[in-house]
2 protein chains.
Amino acid sequence: MKSIASTSDKILDIAQSLIVAGGYNGFSYADISAAIGIRKASIHHHFPTKAELVAVLVERYFKQAQAGLQSLREQAASPADQLHFYVNYWHTCIRDASQPFCVCAMLAGEMQMLPDEVASRVRAHFQGLAAWLTLVLQAGVEQGQFRLDKRPEEQAQMLMASVHGAMLSARALGDPGLFIAVVAPEISRLRVPAR
Amino acid sequence: MKSIASTSDKILDIAQSLIVAGGYNGFSYADISAAIGIRKASIHHHFPTKAELVAVLVERYFKQAQAGLQSLREQAASPADQLHFYVNYWHTCIRDASQPFCVCAMLAGEMQMLPDEVASRVRAHFQGLAAWLTLVLQAGVEQGQFRLDKRPEEQAQMLMASVHGAMLSARALGDPGLFIAVVAPEISRLRVPAR
DNA sequence: GATTGCCTGCCTACTAGTAGGTAGATAGCA
DNA sequence: TGCTATCTACCTACTAGTAGGCAGGCAATC
């Protein structure tokens, strides 16, 4: 079960943290090389081109995210809890600076100049996240936990925008607490008043 | 009144559109050079370093934004109208792709690796925008136009996040209409119900 | 059981091209 | 004259990517 990370996994890990810090054009093979103590050419052995590296990276991120969200829906007690766990995941990441930004949110900003194979995967992540949020909101309405002003799909888009915007504000203003301060009220207003 | 744009203005204009497209690391002096038909070295005459160019650019953007928001507060009839005009400005920019993203939102993502003189100005823009939104919301409450769940400063942060997140979603999903679909309901829910 | 050949992972050494930036000449203008 | 804006020509450092080699593992063959 416990296995040491393969070189290609290490490359992806480092690349991911570099992208989170500075985007697609914000890192080079030389940066990765220095970070994991391997020659530049060896990275090309695993990932022939930068576009391919990032495409694989986003694909991996997409799958991890989908799996995580899926298991959240299976395990967390209620739709409200599912939402709570989701935002809390990011709250923790941002607070301890382990991954203070979503890779896909980062790349979404650079969409216009991303290689196609990367751009399409970033788009897929946004669609997947919106779909998950829609399902959770729908379930919450059915169970009488949420009351929405708008259709679940629209409310999901609003929530997703709120999360990504809050990440941006937290980063711009250098205030990790801002993330939860923005997102928490956005969620709690969906809940039907306790009686 | 009508004056042809100076070379340094043209440089800033092009640089701004390039940053909007690809961020700080997404453009080079060569790109600007090609776009306005001037040699690379001539750009260095106007802006010795890239960091300085972008710092001046963000400063200019900050001042333009502040001036625009200020005059909006003086001219627009009501706080609700002021908010309406603000989001409509971006709605138009995004729809006709003239400036489909806020420079500072773009740069905020790259905050960690931005030169200090740029980062501080990006932060200033976020603070300025939040302050403006706070003032508008406060005025709206005083005039009985808005009813807020939270303190105006918090509500302003939520609104700002929503706007930036909506820009990101619109870009990621390639759907300009998504911006207003997300932001409009976020604003209309602040208004007290008509009676 | 040794030999053969292939595969993986990494290496050194290199390429062409681009990055930001500089030095110094020139042309026009006050 | 001196200033401003531009130019040509160049620099160094770095970019993504390539060529070719080499050590070790694995597996089929003799």
Side-chain angles (χ1 to χ4, degrees), chain A residues 3-58 60 103 106-107 110 112-119 121, chain B residues 3-58 60 103 106-107 110 112-119 121:
Chain A
S3 74
I4 48 166
S6 71
T7 301
S8 61
D9 281 339
K10 278 195 272 184
I11 292 170
L12 292 175
D13 290 344
I14 292 291
Q16 184 160 328
S17 70
L18 289 171
I19 288 175
V20 165
Y24 187 86
N25 292 305
F27 80 100
S28 72
Y29 274 42
D31 295 328
I32 301 174
S33 161
I36 64 176
I38 202 181
R39 297 291 117 170
K40 234 165 31 101
S42 308
I43 304 172
H44 281 286
H45 168 74
H46 294 276
F47 304 99
T49 69
K50 190 179 183 180
E52 191 165 319
L53 194 167
V54 178
V56 170
L57 184 158
V58 176
R60 186 185 72 153
V103 186
M106 191 72 203
L107 293 173
E110 304 175 291
Q112 291 182 341
M113 52 165 324
L114 248 31
D116 288 349
E117 65 249 65
V118 177
R121 286 172 170 82
Chain B
S3 72
I4 48 165
S6 70
T7 302
S8 61
D9 281 339
K10 278 195 270 184
I11 293 170
L12 292 175
D13 290 344
I14 291 292
Q16 184 160 328
S17 71
L18 289 170
I19 289 176
V20 165
Y24 187 87
N25 292 305
F27 80 102
S28 71
Y29 273 42
D31 295 328
I32 301 174
S33 161
I36 64 176
I38 201 181
R39 296 292 113 170
K40 238 169 23 117
S42 308
I43 305 172
H44 282 285
H45 169 73
H46 295 277
F47 304 100
T49 69
K50 189 179 184 181
E52 191 165 321
L53 194 167
V54 178
V56 170
L57 184 158
V58 176
R60 184 184 74 153
V103 186
M106 191 71 203
L107 293 173
E110 304 175 290
Q112 292 183 339
M113 53 166 325
L114 248 32
D116 287 349
E117 65 248 66
V118 177
R121 285 171 171 83

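Numbers restart at 1 for each chain; the letters A, B, ... are given by sequence-line order, proteins then strands. This is a predicted model, so every value here is computed, not measured.
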Asker: Whole angstrom is fine here: how far is it from CZ in Phe47(A) over to C1' in dG9(C)?
Answerer: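 Rounded to the whole Å, the gap is 13 Å.
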
Asker: Taking atom C1' of dA5(D) as reference, at what distance in whole Å does atom NE2 of His44(B) sit?
Answerer: 15 Å

Asker: Measure from the side-chain N and O atoms of Tyr24(A) to the backbone N and O of Val118(A), and report whether any donor-acceptor pair falls under 3.5 Å.
Answerer: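 Checking the backbone N and O of Val118(A) against the side chain of Tyr24(A), no donor-acceptor pair under 3.5 Å is found.
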
Asker: Within the structure, does a side-chain N or O atom of His45(A) lie under 4.0 Å from either OP1 or OP2 of dC10(C)?
Answerer: no

Asker: Side-chain donor or acceptor of Lys50(B) under 3.5 Å from a matching atom on the base of dG21(C)?
Answerer: no

Asker: Taking any heavy-atom pair under 4.0 Å as a contact, classify Ser28(A): base, sugar-phosphate, or nothing.
Answerer: sugar-phosphate

Asker: For DNA chain D, which residues in residues 30-38 of chain B have a heavy atom at a distance below 4.0 Å?
Answerer: Ile38(B)

Asker: Are Asn25(B) and Met113(B) close enough, and set up right, to give a side chain to side chain contact (heavy atoms under 4.5 Å, CB included), and what steps lead you there?
Answerer: CA-CA 10 Å; Asn25(B) 292 305; Met113(B) 53 166 325; 3.4 Å; yes

Asker: How close or far is atom C1' of dG17(D) from atom OH of Tyr29(A), stated in whole angstroms?
Answerer: 9 Å

Asker: Return the value, rounded to whole Å, for the distance between atom CZ of Arg39(B) and atom P of dT8(D).
Answerer: 5 Å

Asker: So, is His46(A) near the phosphate of dC10(C), with a side-chain N or O under 4.0 Å from OP1 or OP2?
Answerer: yes

Asker: Would you kindly give the CG-to-P distance between Asn25(A) and dA16(D), to the nearest whole Å?
Answerer: 9 Å

Asker: Answer yes or no: is there an ion pair linking Asp13(A) with Arg60(A), defined by an N-O contact shorter than 4.0 Å?
Answerer: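 Yes, this pair counts.
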
Asker: With respect to the phosphate group of dC7(D), does any side-chain polar atom (N or O) of Ser42(B) fall under 4.0 Å of OP1 or OP2?
Answerer: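 Yes, Ser42(B) has a side-chain N/O under 4.0 Å of OP1/OP2 on dC7(D).
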
Asker: Give the residues of residues 9-22 of chain A touching DNA chain D, defined as any heavy atom closer than 4.0 Å, sorted by residue number.
Answerer: none

Asker: Taking all non-hydrogen atoms of both residues into account, name the closest pair between Leu57(A) and Ala15(A) and its distance.
Answerer: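 The answer is CD1-CB, 3.6 Å.
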
Asker: Using OP1 and OP2 only, check whether a side-chain N or O of Thr7(A) sits under 4.0 Å from dC10(C).
Answerer: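 Result: yes.
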
Asker: Any salt bridge between Lys40(A) and Asp31(A), counting N to O under 4.0 Å?
Answerer: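 Judged by the 4.0 Å cut-off on N to carboxylate O distance, Lys40(A) and Asp31(A) do not form a salt bridge.
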
Asker: Does Phe27(A) reach a base, just sugar-phosphate, or nothing at all? Heavy atoms under 4.0 Å.
Answerer: sugar-phosphate

